[in-house]
Amino acid sequence: MDVEIIELSDDNARFVLTGVNPAIANGLRKSMLSEVPTMAIDYINIYDNTSVLFDEQIGLRMGLIPIITDLDSYVLSEDCDCNDEGCTKCQLTLTLSAEGPVMVYSGDIQSSDPNVSVADEKVPIVELKERQKLVLEAVAKLGTGRKHVKYQAGVACGYKNVPVITFQDTCDACGKCVDECPKEILRIDGDKVTVTDPLKCILCRLCVDACDIKAISLEEDDSSFIFTAESDGSYPAKELIVQSADTIIEKAKLLNEILESIE
Amino acid sequence: MDLKVIEKTDTEILVEIGGESHTLLNTLKSSLLDDPRVEVATYDIKHPTISEPILFVKTAGVDPVVAIKEASARLIEVYEEFKSVFSEKASI
């Protein structure tokens with residue numbers, strides 16, 4: 001197994017994973033999308049809302065605001081010692097109070113835990129005009145993407161197989177494929193055509209169709225994957241990927257423990 | 001996770017793995033099929049929102065529970081390897 005990082009920033013990662021079967025890669029993708037726990041606002045008490053939006057719309061907007069997740073300090077409410085009654089280990093209280101005229105952003109939400117705050121301060125909630133008020137208290141909990149989309153940590157996670165472009169000896173370097181390629185990754189090199197960056201290939205097959213003598217073959221490598229992962233801000237992209245592998249490991253360990261006990 | 005053994009013989013097992021989804025079952029199935037002693041490994045989720053996955057494993061002699069345990073251990077190994085390789089490359 002090998003990993004080659006193409007791009008890694010706080011909320012974006014692109015890497016090539018080689019030497020695994022498709023099920024392992026798919027497990028990783030699914031885990032990022034639906035199994036990694038993140039924090040999101042789960043219910044709100046509205047004390048005052050004279051804005052133009054209904055309480056329900058404010059609730060929806062609050063729920064979808066990404067919150068930085070700290071898995072060391074918080075646990076899933078169903079795993080908590082308090083039996084889902086709500087305590088400081090499984091819940092985080094946030095408050096928001098604003099009076100017009102002002103544009104209310106996610107950055108105005110005050111968190112009761114100094115280590116946990118909203119991931120993006122510029123998510124618009126509502127615009128308040130003169131004499132309009134919004135006062136509310138929100139409770140955030142951990143959850144997984146399987147339960148609700150607001151808990152989804154990875155927002156654009158996917159992979160494709162690494163393309164393998166090969167030219168037969170019959171290739172006469174006519175250049176038709178070079179003109180056709182939308183990504184411009186083919187180049188005439190003397191009397192043959194070479195691929196400059198196969199990772200940029202979008203598998204459109206225009207080069208294969210353009211070749212009159214069928215000298216190009218485009219295949220997909222079944223054991224190499226170009227992964228793209230984008231985080232919603234709850235985790236840095238790197239941590240999201242490690243966490244997704246961790247989540248499957250935990251599941252597999254739990255399965256083994258249970259099997260041990262039924263034997 | 002909530003395991004219910006529906007049927008078990010010396011070489012076959014039909015077990016419901018409650019609370020899990022394709023994420024674990026699909027990877028586990030592929031890991032089971034890597035084992036040459038496993039003849040059949042498959043799972044089914046009858047209804048995507050209301051059903052629990054049911055895993056069926058048939059082996060050529062070995063206890064199916066042992067086969068599942070070993071497959072799951074292999075899965076842990078693969079993802080641990082991924083974690084270490086990825087963390088190493090990402091920290092440079």
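Below, read A as the first sequence line, B as the second, and so on, with proteins coming before strands; counting in each chain starts at 1. Fair warning: this is a prediction, and the values are worked out from it, not measured in the lab.
Contacts of A:Ser34 with chain B are made by side-chain atoms alone, with heavy-atom separations under 4.5 Å and no backbone atom involved. If you measure heavy-atom distances from B:Ser21 to chain A, the contacts under 4.5 Å come from both the backbone and the side chain. Heavy atoms closer than 4.5 Å to chain A are found in the side chain of B:Val5, but not in its backbone. Contacts of A:Leu28 with chain B are made by both backbone and side-chain atoms, with heavy-atom separations under 4.5 Å. With a threshold of 4.5 angstrom between heavy atoms, A:Arg29 does not approach chain B through any atom at all. Both the backbone and the side chain of B:Ala73 come within contact range of chain A, judged by heavy atoms closer than 4.5 Å. With a 4.5 angstrom heavy-atom cutoff, A:Ile5 touches chain B only via side-chain atoms. For chain A, the nearby parts of B:Glu20 are the backbone and the side chain; heavy atoms of each come within less than 4.5 Å. The contact between A:Asn21 and chain B is made entirely by side chain atoms (from C-beta outward), counting heavy-atom distances below 4.5 Å. Within the 4.5 angstrom heavy-atom criterion, atoms from both the backbone and the side chain of A:Ile249 approach chain B. With a threshold of 4.5 angstrom between heavy atoms, A:Asn26 approaches chain B through side-chain atoms but not through N, CA, C or O.
Note: A:Tyr151 and A:His148 have perpendicular aromatic rings, judged against thresholds of 30 and 60 degrees for the angle between ring planes. Between A:Phe15 and A:Phe227, the two ring planes are parallel [angle under 30°; tilted spans 30° to 60°].
For the set B:Leu75, B:Asn26, B:Leu3, the count of heavy-atom pairs under 4.5 angstrom toward chain A peaks at B:Leu3. When A:Val20, A:Leu8, A:Leu255 are compared by the number of non-hydrogen pairs under 4.5 Å with chain B, A:Leu255 comes out ahead.
Counted by atom type alone, B:Asp44 and B:Thr42 present zero donor-acceptor pairs between their side chains at under 3.5 Å. Under the 3.5 Å distance criterion, with hydrogens and angles disregarded, a donor-acceptor pair is assigned to the side chains of A:Glu35 and B:Thr23. Side chains of B:Ser72 and A:Asn256: a donor on one and an acceptor on the other come within 3.5 Å.
With respect to the salt-bridge test (charged N to carboxylate O, under 4.0 angstrom), the residues B:Arg37 and B:Asp35 qualify. Salt bridge annotation for B:Asp63-B:Lys69: absent, with no cationic side-chain nitrogen under 4.0 angstrom from a carboxylate oxygen.
Between B:Phe56 and B:Tyr43, the distance separating the two ring centers is not shorter than 6.0 angstrom.
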Hey, mind stepping through B:Ile68 and B:Leu28 against side-chain contact (heavy atoms from CB on, under 4.5 Å) and telling me if it holds?
-> CA-CA 8 Å; B:Ile68 298 175; B:Leu28 186 66; 4.3 Å; yes
